[in-house]
Amino acid sequence: MKTIELLNKVVGLGFDREKALADIDASLDEIIGAENRKPITEEEINEELANNILFGFECEKESN
C-alpha cells in the first residue's frame, strides 16, 4: 500500500489531514528510519504495517 493511500483512509475516518500526516510520518520515521523514507506518493509500505497504523487511528477515534 502506498503511504498516500493510508493517509486517505485515515482522513476518511474523520482525522485532520495535517495531523494524520504528521502522526503517520512520525510512526514511519520510527519504524523505517527517516533516512530511508521516500515521498509520500511513491512510498510503499507493507499491508501489516499499514493496518497496524490504521488500527491505532481507529482506537484513537473510539476513545474520543
Side-chain angles (χ1 to χ4, degrees):
M1 172 184 294
K2 290 193 182 252
T3 306
I4 189 74
E5 293 173 65
L6 174 60
L7 175 61
N8 290 335
K9 286 184 179 190
V10 172
V11 170
L13 291 173
F15 286 90
D16 175 75
R17 188 172 186 83
E18 285 73 31
K19 181 187 181 329
L21 179 58
D23 290 352
I24 291 169
D25 274 345
S27 295
L28 293 177
D29 284 351
E30 186 175 314
I31 295 165
I32 298 172
E35 67 281 354
N36 298 318
R37 302 281 312 279
K38 293 182 179 175
I40 188 171
T41 55
E42 298 173 18
E43 184 173 58
E44 292 272 348
I45 57 176
N46 70 47
E47 290 294 318
E48 183 180 0
L49 177 55
N51 288 334
N52 287 343
I53 293 172
L54 188 58
F55 180 71
F57 279 98
E58 290 168 345
C59 290
E60 184 178 332
K61 182 178 179 178
E62 288 177 13
S63 70
N64 289 336

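This one's a predicted model, so the numbers in the text were calculated from it and none came from an experiment.
Phe57 and Ala20 make their closest contact through CZ-O, 3.9 Å (heavy atoms, listed as atom of the first residue, atom of the second, distance). The two residues Glu60 and Phe15 make their nearest non-hydrogen contact at OE2-CE2, 3.7 Å.
The distance from the CE atom of Met1 to the CG atom of Asn8 is 10.0 Å, given to the nearest 0.5 Å. Note: Glu5 CD to Ile40 CD1 = 10.5 Å, rounded to the nearest 0.5 Å. Put simply, CD1 on Ile53 and OG1 on Thr3 are 8.0 Å apart, with the number rounded to the nearest 0.5 Å. One finds the CD atom of Glu30 at 12.5 Å from the CG atom of Asp25 (value rounded to the nearest 0.5 Å). Separation of atoms CG (Asn36) and CD1 (Ile31) is listed at 12.5 Å; rounding is to 0.5 Å. Rounded to the nearest 0.5 angstrom, Glu18 CD and Leu21 CG are separated by 7.5 Å.
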Exercise for the section: Evaluate side-chain contact (heavy atoms from CB on, under 4.5 Å) for Leu28 paired with Leu49, printing each intermediate quantity in order. Expected result: CA-CA 9 Å; Leu28 293 177; Leu49 177 55; 3.7 Å; yes

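Around NZ of Lys9, the count of heavy atoms belonging to other residues, nucleotides or ligands within 6.0 Å does not exceed 12.
Between the side chain of Lys61 and the backbone N or O of Gly14, no donor-acceptor pair lies under 3.5 Å.
Partner of Ile24 under the side chain to side chain contact (heavy atoms under 4.5 Å, CB included) criterion, out of Leu6, Leu54, Ile45, Ile4: Leu6 alone.
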